[in-house]
Amino acid sequence: MTTRDPQASALARLAALFADETRAACLLALLDGRAWTASELARHAGVAASTLSEHLGRLVAGGLLAEERQGRHRYVRLADARVAQLVEDLAAQVSPGSVVRPRNLRESSAGSAMARGRTCYDHLAGRLGIAVTDALTARGLLEQETGFALTDAGLVWFASGGIGLERRGRRPLARACLDWTERRPHLAGVAGAALCRHALDTGWCVRIGSERAVRVTATGERALRDLLGVETTKLR
């Protein structure tokens, strides 16, 4: 008699959580790293609040989402960076040809903005994330040959720029995250999160609407050009 791998059923249950378009839409939306209310996610996914509540319950029970309540409101967010990495990695496996084309100008514009620059949970992605990652590498601040790692010069660069690296827990200092639009890795981990947080706090980047897309400001263009030599044409 064949002995079944005890992990098989657990893996199947986890995969089933992703195998629904409404749940997938929620997980992708929550890659912006923020907490959303159930009603906000229902509008985003285009389903009734009662329908979404059932889906959220499954995602929370499966450990993919964490929830908290404030008064009458129920907020949910991705459980942790590990879940965000899993969602982004799965999205990167989707063939570009299988993605549904935008139905109107609004969807087309939103898609273009996401491709230019966005947050991937708590770090920068899209052409912006790739441009910053390439610039860090070209300047000898980030090593990519044997996996992402900050060099000694990179550690000095972060410190001198006032970008704190909170190395607590088991999260790696630098990690490669496959970008689902660029099909190349961008910087994640503690360093990626710190750089993204600094970019938003200093006004280098601003969020566009309620989506994950971000836009580089004139201040950000100057800072990235002066500090990393990033060509501003790559950020537009």
Considering only NZ, NE, NH1 and NH2 on the basic side and carboxylate oxygens on the acidic side, decide whether Asp122 and Arg171 come within less than 4.0 Å. yes

Could Arg118 and Glu88 be called an ion pair, given the rule that one side-chain N must be under 4.0 Å from one carboxylate O? yes

Whether the side chain of Thr217 engages the backbone of Trp204 through a donor-acceptor N/O pair (distance < 3.5 Å, no angle test) should be reported. yes

Would you confirm whether Asp80, through its side chain, and Val83, through its main-chain N or O, come within 3.5 Å as a donor-acceptor pair? yes

Anything under 3.5 Å between a donor and an acceptor, one on a side chain of residues 184-194, the other on a protein residue two or more places apart or in another chain? List them.
{"from": "Arg184", "atom 1": "NH1", "to": "Asp134", "atom 2": "OD2", "distance (Å)": "3.3"}
{"from": "Arg184", "atom 1": "NH2", "to": "Asp134", "atom 2": "OD1", "distance (Å)": "2.8"}
{"from": "Arg184", "atom 1": "NH2", "to": "Asp134", "atom 2": "OD2", "distance (Å)": "3.1"}
{"from": "His186", "atom 1": "ND1", "to": "Asp179", "atom 2": "OD2", "distance (Å)": "2.9"}
{"from": "His186", "atom 1": "NE2", "to": "His123", "atom 2": "NE2", "distance (Å)": "3.2"}

Hey, quick one: are Leu178 and Leu90 part of the same hydrophobic cluster, counting side-chain heavy atoms closer than 4.5 Å, chains of contacts allowed? no

Out of curiosity, does Ile130 fall in the hydrophobic cluster containing Val214 (side-chain heavy atoms, cut-off under 4.5 Å, transitive links)? no

Distance, nearest 0.5 Å, that separates CZ of Arg212 from CG of Leu30: 10.0 Å

Output for pair (Cys26 SG, Asp20 CG), nearest 0.5 Å, gives 9.0 Å

Sequence neighbours left out, what passes side-chain hydrogen bond (donor to acceptor under 3.5 Å, both in side chains) with Glu221? Give chain and number order. Arg236

Which pairs, with at least one residue in residues 135-149 and sequence neighbours excluded, count as a salt bridge (charged side-chain N to carboxylate O under 4.0 Å, His left out)? none

Partners meeting ring-ring contact (aromatic ring centres under 6.0 Å, His included) with His55 (sequence neighbours left out): none

Write out all pairs satisfying side chain to side chain donor-acceptor pair (under 3.5 Å) with one or both partners inside residues 58-67, taking only residues at least two apart or from two chains. Glu67-Arg74

Cut-off 3.5 Å, no hydrogens considered: what does the side-chain donor-acceptor table look like for residues 146-155, sequence neighbours left out?
{"from": "Thr151", "atom 1": "OG1", "to": "Gly140", "atom 2": "O", "distance (Å)": "2.6"}
{"from": "Thr151", "atom 1": "OG1", "to": "Leu141", "atom 2": "O", "distance (Å)": "3.3"}
{"from": "Thr151", "atom 1": "OG1", "to": "Ala153", "atom 2": "N", "distance (Å)": "3.4"}
{"from": "Thr151", "atom 1": "OG1", "to": "Gly154", "atom 2": "N", "distance (Å)": "3.1"}

Arg225 atom CZ, neighbour heavy-atom count above 12 within 6.0 Å: yes

Check the pair Leu31, Thr119 against side-chain contact (heavy atoms from CB on, under 4.5 Å), reporting the backbone distance first and the verdict last. CA-CA 7 Å; Leu31 275 177; Thr119 55; over 6 Å; no

